[in-house]
Amino acid sequence: MPQEQIRSSLSVILEEMGASPPSIHLERPKDPDHGEWASNVAMTLASTLRRSPRQIAEEIAAAFPTGAQTGVASVEVAGPGFLNFRLSTDAVTRTVATILEEDADFGRQAVSDEAPVLVEFVSANPTGLLHLGHGRQAALGDALASLLEWAGNRVSREFYYNDAGRQIERLALSVQARYHQHFGREMPLPEDGYRGRIVSEIAAEFAEAEGERWLDDPEGAGLERMREFAVTRLRAEQDLDLNTFGVRFDRYFLESSLYTEGRVETTVEGLRESGLVYEKDGAVWLRTTEFGDQKDRVMIKSDGSATYFLPDVAYHVTKWERGFHRAINVQGSDHHGTVDRVRAGLRALGLPEGYPEYVLHQMVTVERGGEEVKFSKRDGDYLTLRDLVDEVGRDVTRYFFLMRKPEAHLVFDLDWAADESDKNPVYKAKYAHARVCSILRKAGGAAPDPDASLELLSSEIERELIQQLGSFPELVERAAAHRAPHLACDWLEHTAGQVNAWYHHGNPARNPGGAVLVDDPDLRAARLALTGAIRVVLRNALTLLGLDAPERMERAESDDEPGEG
RNA sequence: GCGCCCGUAGCUCAGCUGGAUAGAGCAUCGGCCUUCUAAGCCGACGGUCCCAGGUUCGAAUCCUGGCGGGCGCGCCA
């Protein structure tokens, strides 16, 4: 890798100059005139060496070993003191061979021995269908987990079910009301009940299965059955949606298990031992302000029951004890108030500061025709993840949820999402992939040859395209480090755009010399190798984001069913 | 009132550790065109990076103070 050679050559030179910066920053300049790599070391060292940046840069440039050894053809000093490195054509085009050789592993780092990471996401209560916030979270958590895997981490995906709280009780009471209504009885929905259609449907199913026998339910046994029935049904619905969405979890963790296994109790004892627990107004409090929380928190209410804070802390203790010394929670930013208190509770138990890490995302709104799509809150129905996937497909939904940084509000434009042309970044990327697959098929399907005369790929457009393909591993690293899947979306769209431009540039009807399938066998082999490398990188990038990489695309208007319709 | 997040082109948004002339997509406008199958291709227009100070060789980026928007501030989850 040329950048490694540049970096090590630089550090040797700098050492001789009496300066050894902790790290040497190399970047890919935006402007191709600035070469393939650039460094600002001369500028950062100006003050310590007490000389002008340009002077330092000149000295480095003069000492820099160009030639086959480093792959650097020339070094120039530019602007305020940048060092611009221009690679030899050979050094650039070698990337194509590397990509072909590494194939499905190109961009993937070797697995490190760092602590495994637990990514917790979605964690919806089983009280309704998954809404758009859950959808964004499903896409984000899954892509983030995938990014971390590509970056060499051991990763586990987990879903935490709040199946023990008041919300479940409300659900049961709501089903009960709908059950009575189903049989024409008067029973109003509880004030804070769930109004959604799905609840009525579940009540109807229950009525179908169990008949009228629970209309009289003095012991509450019927209510208990309804609770179980509804939770099971809703979990099944959520699982169905998550499967359709292509999200798999390694584990579903039930809140109720924290109670049945005594973890909540253990947590209470642990907190009491911390000496930060006190009683006030009949409740038990934890002095979370000790660790930067805005106010102290109640852990046991005056009626003797736990607040949700307690199982939350207990749950995170299990994460730590299960060896996940790195944990990332993907949550809606409306929950950011819980961050400080959970961390405080964990610190009181001796866990390190800043555990767990949070990725908080903003809300999602949907627009059609430039207008926000409103849904009726009154009848409890809302736009669901399922609605979106039914309308524009799984991959588009995933991508649109990922394309904005988590902390920014997301506008889901349905018109744009439904567009199947290159204007839609998802289709743009898929078409680019399908196009290169098509060329490879047309070429006879033989495997692209990494030993082709790659130095023939010397045109500006090809050189820049290869540079872009070669930046994929850095993209993975950066996006993982920043917990930022949207960077991968940007990168994919940009790369697909470059691929498409290259493809159109080589349109045989207009520019036969630029086509892949030219007559000259050497050039043809070199371009086929590049085509193969494009396929590898696009496929890897799509896979990274959990999207399909189709080898061919069907025309929407190929509904040419003869005899039908 | 306090805390967190956001404010960049008409719209939706990127912008790496502070770096070179601030970038995409959409929309608009102007050409071209029917493809190595793919609902097009090429180009142009478009900026007070919310405001005001500060830090320094250099600020969209860091600091302080405002302004505007979102969210949160329960013995609810």
Side-chain angles (χ1 to χ4, degrees), chain A residues 23 25 27-31 33-34 38 40 43-44 46-47 52-53 78-82 84 125 127 162 165-167 170 192 280-285 294-295 297-303 305-309 311-312 332-340 360-363 367 370 403-411 413 415-416 419-425 427-428 430-431 434-436 438-443 474-475 478-479 481-482 484 486-487 489-491 493-494 497 500-501 503-510 512 514-518 527 531 552-558:
Chain A
S23 71
H25 179 62
E27 63 185 28
R28 294 179 184 264
K30 281 168 270 180
D31 185 343
D33 286 345
H34 296 148
N40 63 350
M43 290 180 284
T44 60
S47 59
S52 84
F82 282 101
N84 290 337
N125 296 336
T127 54
N162 292 98
R166 270 290 303 286
Q167 313 229 22
R170 281 165 50 196
D192 55 355
K280 194 181 87 180
D281 305 331
V284 181
W285 298 67
Q294 281 195 281
K295 49 168 81 165
R297 305 294 171 177
V298 171
M299 43 191 269
I300 301 174
K301 294 183 255 181
S302 50
D303 68 0
S305 63
T307 60
Y308 67 95
F309 164 74
D312 249 17
S333 63
D334 52 338
H335 287 91
H336 79 249
T338 66
V339 172
D340 282 343
L360 300 177
H361 66 85
Q362 291 280 349
M363 299 296 115
E367 284 187 6
M403 71 199 292
R404 304 302 179 212
K405 62 182 166 196
E407 62 270 29
H409 172 83
L410 184 138
V411 177
D413 183 337
D415 299 319
W416 189 17
D419 188 334
E420 297 185 1
S421 76
D422 271 0
K423 287 174 187 164
N424 182 326
Y427 284 88
K428 183 190 212 170
K430 291 187 180 223
Y431 283 135
R435 280 179 181 124
V436 296
S438 168
I439 295 174
L440 291 167
R441 273 198 303 276
K442 199 153 204 138
E474 295 146 46
L475 173 272
R478 191 157 57 87
H482 287 78
H486 73 281
L487 296 177
C489 292
D490 278 356
W491 188 92
E493 182 180 4
H494 185 231
N500 288 335
Y503 170 86
H504 292 300
H505 170 81
N507 181 333
R510 274 178 252 167
V516 172
L517 303 175
V518 287
R527 290 201 177 136
T531 307
R552 50 181 94 217
M553 302 280 280
E554 300 301 328
R555 276 170 173 271
E557 69 255 290
S558 72

Quick one: does any side-chain atom of [X] pair with a main-chain N or O of [Y] as donor and acceptor, under 3.5 Å?
X        : Y        : answer
A/His336 : A/Ser333 : yes
A/Arg404 : A/His486 : no
A/Trp491 : A/Ala479 : no

Give one of base, sugar-phosphate or nothing for [X], where a contact means two heavy atoms less than 4.0 Å apart.
X        : result
A/Arg28  : nothing
A/Asp312 : nothing
A/Ala509 : sugar-phosphate
A/Asn424 : nothing
A/Ser333 : sugar-phosphate
A/Ser438 : base
A/His336 : base
A/Glu493 : sugar-phosphate
A/Pro508 : base
A/Ala38  : base
A/Arg435 : base
A/Leu360 : nothing
A/His504 : sugar-phosphate

[X] side chain, from C-beta outward: closest of [options]:
X        : options             : result
A/Ala515 : B/C36, B/G15, B/G40 : B/C36
A/Glu27  : B/C13, B/A77, B/G19 : B/G19
A/Lys423 : B/A77, B/C26, B/G19 : B/C26
A/Arg510 : B/G19, B/A14, B/C41 : B/C41
A/Asn40  : B/A77, B/A39, B/G19 : B/G19
A/His482 : B/A14, B/C36, B/C16 : B/C16
A/Gln294 : B/C71, B/C2, B/C33  : B/C2
A/Tyr431 : B/A39, B/C16, B/A14 : B/A39
A/Trp285 : B/A14, B/A20, B/C75 : B/C75

Figure out the [atom1]/[atom2] separation between [X] and [N], and round it to whole Å.
X        : N     : atom1 : atom2 : result
A/Trp491 : B/A14 : CH2   : C1'   : 16 Å
A/Gln362 : B/G69 : CD    : C1'   : 10 Å
A/His494 : B/C13 : NE2   : C1'   : 15 Å
A/His486 : B/G15 : NE2   : P     : 4 Å
A/Asp422 : B/C26 : CG    : C1'   : 14 Å
A/Met363 : B/C71 : CE    : P     : 9 Å
A/Asn500 : B/U37 : CG    : P     : 14 Å
A/Asp490 : B/G23 : CG    : C1'   : 10 Å

For A/Lys442 and A/Ile439, run side-chain contact (heavy atoms from CB on, under 4.5 Å): C-alpha distance rounded to whole Å, both residues' side-chain angles, the deciding distance at 0.1 Å, then the answer.
CA-CA 5 Å; A/Lys442 199 153 204 138; A/Ile439 295 174; 5.5 Å; no
Gap in Å between the two C1' atoms, one belonging to B/G72 and one to B/C16, rounded:
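Straight-line distance between the two C1' atoms is 31 Å.
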Salt-bridge present (A/Asp415, A/Lys423; N to O < 4.0 Å)
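Result for this pair is no, no salt bridge flagged.
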So that I can tick it off, tell me whether A/Asp422 and A/Lys428 are bridged by a salt bridge, with the cut-off set at under 4.0 angstrom between side-chain N and carboxylate O.
no
Is the terminal nitrogen or CZ of A/Arg435 (NZ for Lys, CZ for Arg) located under 6.0 angstrom from the six-membered ring centre of A/Tyr503 and within 45° of that ring's axis?
yes
Decide, applying a 5.5 Å centre-distance limit and a 30° plane-angle limit (both strict), whether [X] stacks on [N].
X        : N     : answer
A/Phe82  : B/G19 : no
A/His34  : B/A20 : yes
A/Tyr503 : B/C36 : yes

Sort out the partner of B/G65 for me: Watson-Crick or G-U wobble, both distances under 3.5 Å, none otherwise.
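Pairing partner, where one exists within any strand: B/C51.
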Pairing partner of B/C73 (Watson-Crick or G-U wobble, both distances under 3.5 Å):
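Across any shown strand, B/C73 pairs with B/G1.
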Mark yes or no for a side-chain to base donor-acceptor pair under 3.5 Å between A/Asp192 and B/A77, with no hydrogen or angle criteria applied.
no
Pair of N/O donor and acceptor under 3.5 Å linking B/G72 base with A/His335 side chain
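In this structure, the two groups form no donor-acceptor pair.
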Is the phosphate of [N] approached by [X] (side-chain N or O, under 4.0 Å from OP1 or OP2)?
X        : N     : result
A/Lys30  : B/A20 : yes
A/Lys295 : B/G3  : no
A/Asn507 : B/C36 : yes

Taking C-beta and beyond as the side chain, do A/Arg527 and A/Val518 meet within less than 4.5 Å on heavy atoms?
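Answer yes - side chains close enough.
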